[in-house]
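These notes concern the structure reproduced below.
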Amino acid sequence: MENWFVMLPEIWLIIYVAIASIVNRYRKSKTPKTFFTLAKYFLFVEILLTLVFYNKSAFASFWQNTSFTTLFKVIVYLLTLGWLYLSSKWFLNKNHPSCLFCCIIFIMLTAMSLLASSSNLLTLLSCFIVICSCYILLMFQYSHNDKRTVYTKQYIYTFLVFLFLSISAIFWLYYTSGSVFYKDIKLYFSNTIQMDIYTISAVVSLISMFVFLLGLAPFHIWIVKFWENGILPIYGFITLVPPLLYLCSFINLWKECLSFAKFSSISFILIPAYISIILGAISANGEKNIRCLFGYLSMYCIGFAITGFANMDNLAIIASFAYTIIALLSFFGIYTIFLSFKSHNDYIEDLDAIKGFSQLRPYMSAGFIIFIFSLTGLAPTLGFIGYLSIINNLFANNAWLSLGICITGILLCVRICLQIINYIYFADNTQKYDRAEKSTYICLFVNMTIIFAALINPNWLFHYIFIILNESTQ
Amino acid sequence: MINPLTMMMLIIAIPFIGMLFVLISKNTDNNKNAFSVAIFSIITNISIIWQIFSFIKKKKVETDLIEKIDWLTFPNISLTFSIDNVDLLLILAIHIILLTSIIFNYAHANKQKYILTFSLLFLSMITGLFISNDIFSFFIFYEGIMLPVFMLIGIHGEMKKKSSINSFFIYNFIGCLLFLGTIIYIYQIYGNITLDKLRHLNFQTSHNRYIWFATIIALMFRIPIWPFHYFISSVNTKLRNSLVFTIVTLLPLSGLYGIYCFWPNFIPIEISQYFIWINIIGALTMLFLALMGYSNPNIQYRIFAFASIYYVLYLLGLFSNNKMIYDNFGYAVFSFLLILGTLEAISNYIYQKEILNDTTSQGFLCRAKKLSFVYSFLIFSAIGLPISAMFTNNFLIFSYMLSHNIHSSIILVFAWMIICGALINEIMRLKTDNKDCKIGKNEDLPTKYFMFILLIIFMILMSFIKPLWFVIDV
Amino acid sequence: MVVNLFIGLISIAIFSAFIAHGKRKKIWSVLLLMALCILSYLFINNLNSNNHTNFIYQWLPYQDLNADFRISSSLHIQNLITQLIYLLGILISLNIIDKEENFSLNISLLHILSFTSIILMISSNDFFQMMFSSALLTIIGFYTPQSSQTKQKFFSRSFWPEIICFITLAYIYGINNSISLSQLEIFTPKNHQQNLVLSLILFAIACKIGLFPFNGTYNYLSNLSFNRLCGIFALSIPIAGLILIAKLHILFTNSAIFDKIIEYWSILSFIIAIMNSLFDNNVRKKAISLAQMILIAMFISTYHKPDNIYTILPNGIAIIILSLIMIYIALLTPNDQPKIPNTIIKYILFSISSLTIIILFKEFITPQIYLFIALGYLCALGCALKTAIYETSKTQETSQEYNWMHYTILMVVSGVLIFNKSAYLSYSNIYLELFFIISLIFAPTKILTSINQQAWQIDWIDRLYETTLISPIKTLGKILLFTFDFMFMERGIMTGIATTYRIICEYCSESQKKVDKAWLYWTLGGIIIFTIYIGIKNYD
């Protein structure tokens, strides 16, 4: 009974799905906003519950909550809350039914939160399956493209490949060590001196699963389709929210289970990270679709974060985490402004259509440049702190190759930002934009305040986070 | 007595707050509010600078003016700020020339709001640069200058070709990245040391030699050294707005000031043997710029060439490793900046009259007596006649160069003479009688502007007769 | 004491600068003159008080660059100032009586400033003060001419010497490590590029004084009004040149070759100046050549004995002013058409005002000066009478007039020779005397006139400057701008990089989006990379 009680945060998310379905079925005067309002309260309570049970674990062999995972979860819930608040405007505007969307997101949140605190390979696998299924649903339901069936099929094929790989890997690890629990596997392999090719392959396969989930190059084509065809709320959600929990889960898996393979495959996670940094930056440079452009940039940022923590020591994780938080804040700001790129009730996707945006929306544009320069790490924007911590850490570890790639990436990334500023500020305006929602301004203001306060006194934002990370990753 | 830290922070904060006010001011035709706010914040700052001067006068111990702020926990960085006479002189000069440019620019520019916003941001950043005392705070402001400069060029440069703006920014950004790499390297070895301590390092070890070279090269990215002057000249010479031009021309100052701050107290022979190459490159750069400046009839190009030649000359002066030149740096640059800014403001005033009357400006000065006096005085001081503090520094630099390496110095002297000739040609052109010139007597400098410029001329003269005349009794 | 005068003059100058744009300039000018008189009276009254303390302000307190701002009160300088101040008064009264001068107050102001600069320059003890005051004289010289054309030519010719002087002195400082003029002698034995340094300094001084090839500069001044012309010759750049040679003279000791060069050069210049003054048809040019001639005489004298400067400066200037005034009175209108009533009125006015000054300060006037002035009056009177006769007889033949002028000029030359003993001694040269005799014989003939015209009409220094320096610089600059900045950087490198990068970017986006099987290729590619990686790890 106690186990179920401690499971309350996850159960609470499921309860939302049930209630939302009931409301959808029986309430007559429902609007798209209804489900978002409901979601808002649920997420509030969820955050409280997560904080209450921050170090309590139900079914300890399957899930293990630590302050580390709680930190990630709380941030993710906050982000989701913010994003749902903004998404509701989209749904209201389009008068699109939102029940399914909210339910899928809550199911995903449940799966991801379990994934983040899983301590068992089978849990990991099942969460992986649930999350991917949610992706399939989202892709099929919320794409505005005729070819969505084709893309969904492609996604399913790729998913099956990785499912097969991860099942084989789990099977092999179970076969050799006789257990699927992280601890046992770690213990078993720590005593083995030489690793054979199968074990290495198994480790690599497990990592590739995360590469696939994070949408890193070269397994990123599915997420490109999302950026291209998904509706704006989906686009924002999948680029903002899940990567953080995947990273958490990956760090967890690595530290609790796969660290025995550190010396044989530390560099493995760097290959996709490097490719993502360079490919993301270059592709974004050639992109005319503004969503894809920032999609590629998010890929670049994840690559950067992974390069940062590849060393897997305490300081590396803290550096990477700081970077990720700042990048998330910037992306959140940018996506907020996306909601005001609206002309004749259509959300603009083409870069040419935002020419001279600053002439009509000076404050939005001012925010926009701060966010994108923050992404490039230009001092004195907040992004500088993120880049500083990562580059400092790379220096400390003498990771010269990573450093070279990162700096090349930053240079390529700067060019994109300049390009966007050229469009927004230096070109003449040709388009009329719809009036921006009040919520956009509110979100923007809150975001800017956080960024500004954090810039003046970074300890305000990072101090406790660093303490938590420092304790839990010892 | 107000705490010195408060005063130092105030002179950074006041332009920044002014910027926020300008940003939210109502966008009218003449932007009178924004203009008044800008002028008010600059004048307030000047009065605070005056206060700090008297503070320095009272306090004999330099350490009283060093303040430390804890900024980041990870990596552990606390920012240090300090101020001395040279810093204050440069800050004062920049404030005065920005004030001049803003006043002169107000009469004929549109989109005043943006230009004032970014100018104040620039002012805030560059003030920070002069106040900063440790490597990180220095870097933050060093890079922070880039954003307003870039925006000003793009929005108000009135350039036809925008592509060169991007290459200009990226070129500068590469320098910043190199600089970032260097300071993180320094941080890894010595922690966040102050500039004073950096100057006292023992440069005989290979680590420190690398630090020295990388820092100097990174800072040189800001100075138009041949053949990389292209990136700077391609933007600078095409600007038509005097305020933007002045601000962009101040950019090399940050590099020069950086070298001034980082200049070690003792330079081993292994390093100083490379100085001959820098001398040769510097002399070549000066010759190139002078020749181009002379053959180009555009006054903007000439002023750019003049400014760049002096920057390179001062750079070579610093490289001469002569204590007297080093000590005289602040006074010389103070008058150089005043002359540069005022000259640009006035030549742009003439250019605007030319545009307004759709005629040639040749012979304008024959009719405009006040303008003629002011312009000729500024040109005389610009070419280094002994009426400004530039003269003393030129004298010292030339004497050092000529007595140490007469061959490359002859090129240097020749280049300097060519640019003097170019400036004199310009004033002679304006003073040659011409009946086609339709600009009448009543287009002369308004009396209040004239009085203001007279005040600046007085400062220039006093900088020669008695440096720091307004505060210190030597 | 000198300081008081200096400060008084500066404050008068500042005050007149403020009122210079108002009305009633003539009255203000007269008031200015009166203020000057009072100031000089006070100064001269104090002469006997034996107050010889120098004013020294420590300007740059560095050890190796110890520049002082110094106003000397030595006996020499006091005498010099006493004499110069009359001349200043004369110049200012000249400004007042000239009806065509619209800016009399401004010009008087410039004269006062020039005068203070000369005080500064003559009392200088280091490079800085010397260069500063010399530059001030150049700048004031820039503002003196009223026509822009003249201004241009004049300034560009007097500016370059300034720069050259600056560079040379900088070099000397680099070697000597001291800016003190008294330590210049250290430089000589070291022989660091000594010939180059001396040639440069000589060039600068020759430019300023107007030795032979550079005399063209002063010919451009021929369209100036006489009061301004007097100002330029009496208190401006040429005088700076003279003081320079007096101050830097020590560098030229022990260099026999420069002695010779200077001797021949100055004789040549002198002869050419005389030729010009005798044979030029333009009366103004005659006057200028005359002034130049006197300057060259002063230069020679100073070169041989630098201390001469204190005596030669006021005397020389007096002669210059007198000779100029004389011609001014003889033929004073801008279009060179004599107008008798005007002439006589101006003459009387001038006489009265000058006489007033003389009476006021008669006890301080040296006999030499007195004699000069008297001679000048006599000459001027003669000329005025002559023109009066000329006008009444209505003779239209110009040749007569020129004969008159010839004799006047020769008279002045003899005046120079007689009254300036030292100058006379220094160029009492057999060639020169021969030339006098020849010119006296040939004076009425017109043989030399045509030769002289040919020699003067071609401004070959200008052409040389244009063809050898300016046009190559311009061409080279344009070529560099085009080939390097435009062709190489912009069209070559930048366009190349931009195009390559654009192609890469486009290819990248295309490979991920537009190809239907992109997902397959990328996934397979990834798996292949991973397999290779596993293989490598296993092999290790």
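- Screening A:Phe212, A:Phe162, A:Trp222 against C:Thr523 for a side-chain contact (heavy atoms from CB on, under 4.5 Å) leaves a single residue, A:Phe162.
- Atom OG1 of A:Thr199 and atom CD1 of C:Ile534 lie 11.0 Å apart (nearest 0.5 Å).
- Contacts with chain A (heavy atom to heavy atom, under 4.5 Å) involve no residue of residues 126-135 of chain C.
- To the nearest 0.5 angstrom, C:Glu506 atom CD is 12.0 Å from A:Ser283 atom OG.
- Here the CD-CD1 distance, from C:Gln512 to A:Ile223, works out to 12.0 Å after rounding to the nearest 0.5 Å.
- Contacts of A:Ile271 with chain C are made by side-chain atoms alone, with heavy-atom separations under 4.5 Å and no backbone atom involved.
- Only the side chain of A:Tyr296 comes within contact range of chain C, with at least one heavy atom under 4.5 Å from a heavy atom of that chain.
- C:Phe530 CZ to A:Phe268 CZ: the interatomic distance, rounded to the nearest 0.5 Å, is 3.5 Å.
- C:Phe488 meets the ring-ring contact (aromatic ring centres under 6.0 Å, His included) test with C:Phe484; sequence neighbours excluded.
- When each of A:Val224, A:Thr158, A:Ile221 is paired with C:Trp522, the side-chain contact (heavy atoms from CB on, under 4.5 Å) condition holds for A:Ile221 and for no other.
- For C:Tyr57, there are no ring-ring contact (aromatic ring centres under 6.0 Å, His included) partners at least two apart in sequence or on another chain.
- In this structure, the side chains of C:Trp519 and A:Lys225 stay at 4.5 Å or more apart for every pair of heavy atoms.
- With a 4.5 angstrom heavy-atom cutoff, C:Ile529 touches chain A only via side-chain atoms.
- Here the straight-line distance linking atom CG of A:Asn289 with atom OG of C:Ser509 works out to 10.5 Å at 0.5 Å rounding.
- Side-chain contact check for A:Gln154 versus C:Leu520: every heavy-atom pair is 4.5 Å or farther apart.
- At a heavy-atom separation below 4.5 angstrom, chain A is approached by C:Tyr501, C:Ile504, C:Cys505 within residues 490-505 of chain C.
- For A:Val161, the part sitting under 4.5 Å from any heavy atom of chain C is the side chain, from C-beta outward, and nothing else.
- Contact check for A:Val204 versus C:Thr531: no side-chain heavy atoms found under the 4.5 Å cut-off.
- Between chain A and the residues C:Gly525, C:Gly526, C:Gly535, the most heavy-atom pairs under 4.5 angstrom are made by C:Gly526.
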